[in-house]
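Comments concern the structure below.
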Amino acid sequence: MSGAAVDAEYAALAADYDDDWAVYNRATAERTLRAVRDRAGEPGRALDVGCGTGTLLERLTTTAATVAVGLDRSAEMLTVARRRLPGTPLARGDAAALPFADASFDAAATNSALHYADDPAGCVRELARVTKPGGTVVWTDWDAGALTTRGVIAWLRLTRRPLGRALSATAMAAALTDAGLTDVRVDRWRHGWLWGLATVSGRKPG
Ligand SMILES: C[S@@+](CC[C@H](N)C(=O)[O-])C[C@H]1O[C@@H](n2cnc3c(N)ncnc32)[C@H](O)[C@@H]1O
């Protein structure tokens with residue numbers, strides 16, 4: 001899936017995104033936030049990759065991290081995030097090549113974004129790279145091992161909507177391990193009857 005197709009999708013969705021996806025976004029952000037807090041307490045610097053309009057980023061900023069930074073490849077989604085969170089650092093960029101130095105963050109999180117990537121495991125390596133030794137990586141996404149989620153993925157492919165490589169919860173956890181993270185935990189969960197999701201998390205040794 002080309003980045004241009006993802007950009008076109010979110011340029012079209014950005015203005016109404018918060019209204020259209022409010023319930024799903026809140027549920028996934030809370031689950032991701034819970035994992036960040038469980039694993040990292042109150043991280044000094046946190047990163048939200050694929051932050052979109054800033055639902056998780058807002059929660060990180062107000063309840064967990066001292067400083068939270070958002071990154072997304074969609075200019076239009078970042079425009080909405082900027083209105084919502086004035087003063088919060090936002091960067092435009094790609095999860096596959098994060099524009100941050102090694103070991104810049106105490107926690108790096110991503111929520112419902114990496115299924116757009118052709119190489120989500122490579123993106124996870126980037127999250128691990130920018131995380132400090134002793135820091136935490138949390139990834140919430142569709143669980144391609146869940147039957148109903150497989151149905152959504154099949155429908156998206158049939159209708160030629162943008163989609164990269166959605167992984168099963170087991171493969172997500174393996175990607176964290178392959179990225180050098182330890183104490184990897186897997187939380188499979190559902191949002192409504194349709195969405196089978198997973199929140200996986202791990203610790204960078206050191
Ligand atoms: C489903 S939205 C989720 C937004 C936000 N994380 C949330 O939970 O509300 C997916 C977001 O991921 C972004 N995205 C997709 N692929 C990306 C990539 N390779 N690098 C950075 N952002 C990406 C899209 O632009 C979009 O804003």
Side-chain angles (χ1 to χ4, degrees), residues 6-7 9-43 45-95 98 100 105-117 120 123-124 127 130-131 136-143 149 152 156 161-164 166 172 187-192 194-201:
V6 175
D7 294 347
E9 173 92 343
Y10 280 96
L13 294 179
D16 296 325
Y17 184 77
D18 285 338
D19 289 338
D20 292 348
W21 288 90
V23 178
Y24 172 95
N25 288 346
R26 255 199 315 273
T28 55
E30 287 308 319
R31 204 71 173 218
T32 307
L33 182 72
R34 190 200 301 174
V36 169
R37 296 185 74 120
D38 283 353
R39 310 263 347 219
E42 296 190 354
R45 280 174 59 78
L47 173 66
D48 179 5
V49 172
C51 65
T53 56
T55 303
L56 171 63
L57 191 60
E58 181 171 35
R59 298 288 289 136
L60 283 169
T61 303
T62 54
T63 72
T66 311
V67 176
V69 176
L71 172 131
D72 203 282
R73 54 170 297 136
S74 163
E76 291 79 3
M77 294 292 269
L78 286 172
T79 296
V80 179
R82 202 164 284 118
R83 272 201 302 270
R84 176 188 205 155
L85 298 168
T88 296
L90 296 170
R92 187 161 180 214
D94 198 294
L98 293 173
F100 304 111
F105 297 95
D106 300 287
T110 181
N111 192 28
S112 301
L114 297 192
H115 59 261
Y116 288 108
C123 298
V124 169
L127 267 77
V130 302
T131 300
T136 298
V137 173
V138 176
W139 175 16
T140 294
D141 218 322
W142 301 349
D143 171 9
T149 303
V152 173
L156 290 173
R161 296 283 295 281
L163 187 66
M172 290 167 67
D187 176 20
R188 290 186 180 82
W189 57 284
R190 298 199 72 80
H191 174 63
L194 182 59
W195 298 102
L197 294 135
T199 299
V200 297
S201 59

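Quick caveat, the model's predicted, so the values are computed rather than measured.
- For residues 22-41, the ring-ring contact (aromatic ring centres under 6.0 Å, His included) pairs, not counting sequence neighbours, are Trp21-Tyr24, Tyr24-His191, Tyr24-Trp195.
- For Arg39 and Ser201, the side-chain atoms include at least one donor-acceptor pair closer than 3.5 Å.
- Under the side chain to side chain contact (heavy atoms under 4.5 Å, CB included) criterion, Glu9 pairs with Leu13, Arg161, Pro162, not counting sequence neighbours.
- Trp189 and Ala27 get closest at one heavy-atom pair: CH2-O, 3.9 Å.
- Atom CG of residue Asp48 and atom OG1 of residue Thr32 lie 8.5 Å apart, to the nearest 0.5 angstrom.
- With values rounded to the nearest 0.5 angstrom, Leu47 atom CG is found 11.0 Å from Asp106 atom CG.
- We find the CD-CG distance between Glu58 and Leu85 to be 5.0 Å, quoted to the nearest 0.5 Å.
- Taking Ala113 as the reference, Thr110 meet the side chain to side chain contact (heavy atoms under 4.5 Å, CB included) condition, with sequence neighbours excluded.
- Judged purely by distance below 3.5 Å, without hydrogens or angles, the side chains of Trp142 and Ser112 never pair a donor atom with an acceptor atom.
- Here the shortest heavy-atom pairing between Gly41 and Pro43 reads O-CD, 3.3 Å.
- Although no hydrogens or angles enter the test, the distance criterion places a donor-acceptor pair under 3.5 Å between the side chain of Arg84 and the main chain of Thr53.
- Applying the side chain to side chain contact (heavy atoms under 4.5 Å, CB included) criterion to Arg190, with sequence neighbours excluded, gives Ala146, Thr148.
- In this structure, the side chain of Arg37 engages the main chain of Thr63 through a donor-acceptor pair within 3.5 Å.
- Evaluation of the side-chain hydrogen bond (donor to acceptor under 3.5 Å, both in side chains) rule for Arg82 yields no partner, not counting sequence neighbours.
- Of all heavy-atom pairs between Gly54 and Ala81, the closest is N-CB, 4.2 Å.
- Applying the side-chain hydrogen bond (donor to acceptor under 3.5 Å, both in side chains) criterion to Asp141, with sequence neighbours excluded, gives His115, Trp139.
- Glu42 meets the side-chain hydrogen bond (donor to acceptor under 3.5 Å, both in side chains) test with no other residue; sequence neighbours excluded.
- Between Leu57 and Ala68, the shortest heavy-atom contact is CD1-CB, 3.8 Å.
- Annotation: side-chain hydrogen bond (donor to acceptor under 3.5 Å, both in side chains) contacts of Arg45 (sequence neighbours excluded): none.
- Remark: Asp38 engages no residue in a salt bridge (charged side-chain N to carboxylate O under 4.0 Å, His left out) (not counting sequence neighbours).
- At least one side-chain heavy atom of Val138 sits less than 4.5 Å from a side-chain heavy atom of Thr199.
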Enumerate, atom names and distances included, each donor-acceptor pair closer than 3.5 Å involving a side-chain atom of residues 69-76, sequence neighbours excluded.
| unit_1 | atom_1 | unit_2 | atom_2 | d |
| --- | --- | --- | --- | --- |
| Asp72 | OD1 | Ser74 | N | 2.8 |
| Asp72 | OD2 | Cys51 | N | 3.3 |
| Asp72 | OD2 | Gly52 | N | 2.7 |
| Arg73 | NE | Asp7 | OD1 | 2.7 |
| Arg73 | NH1 | Asp94 | OD2 | 2.6 |
| Arg73 | NH2 | Gly3 | O | 3.3 |
| Arg73 | NH2 | Asp7 | OD1 | 3.4 |
| Arg73 | NH2 | Asp7 | OD2 | 2.7 |
| Ser74 | OG | Glu76 | N | 3.4 |
| Ser74 | OG | Met77 | N | 3.0 |

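- Although no hydrogens or angles enter the test, the distance criterion places no donor-acceptor pair under 3.5 Å between the side chain of Thr55 and the main chain of Asn25.
- At a threshold of 4.0 Å, the pair Arg34-Asp187 does not count as salt-bridged, since none of the basic side-chain nitrogens sits closer than that to a carboxylate oxygen.
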Open item on the list: For Leu127 and Val49: C-alpha separation, side-chain torsions, deciding distance, then whether side-chain contact (heavy atoms from CB on, under 4.5 Å) applies.
Closed with: CA-CA 8 Å; Leu127 267 77; Val49 172; 4.0 Å; yes
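- Qualifying side chain to side chain contact (heavy atoms under 4.5 Å, CB included) partners for Asp20, counting only residues two or more places apart in sequence or in other chains: Asp16.
- The two residues Pro89 and Val67 come nearest to each other via the heavy atoms CG-CG1, 4.3 Å.
- Within the 4.5 Å cutoff, no side-chain heavy atoms of Leu197 are placed close to those of Asp143.
- Nearest heavy-atom pair, Thr131 versus Ala108, reported as atom, atom and distance to 0.1 Å: OG1-CB, 3.5 Å.
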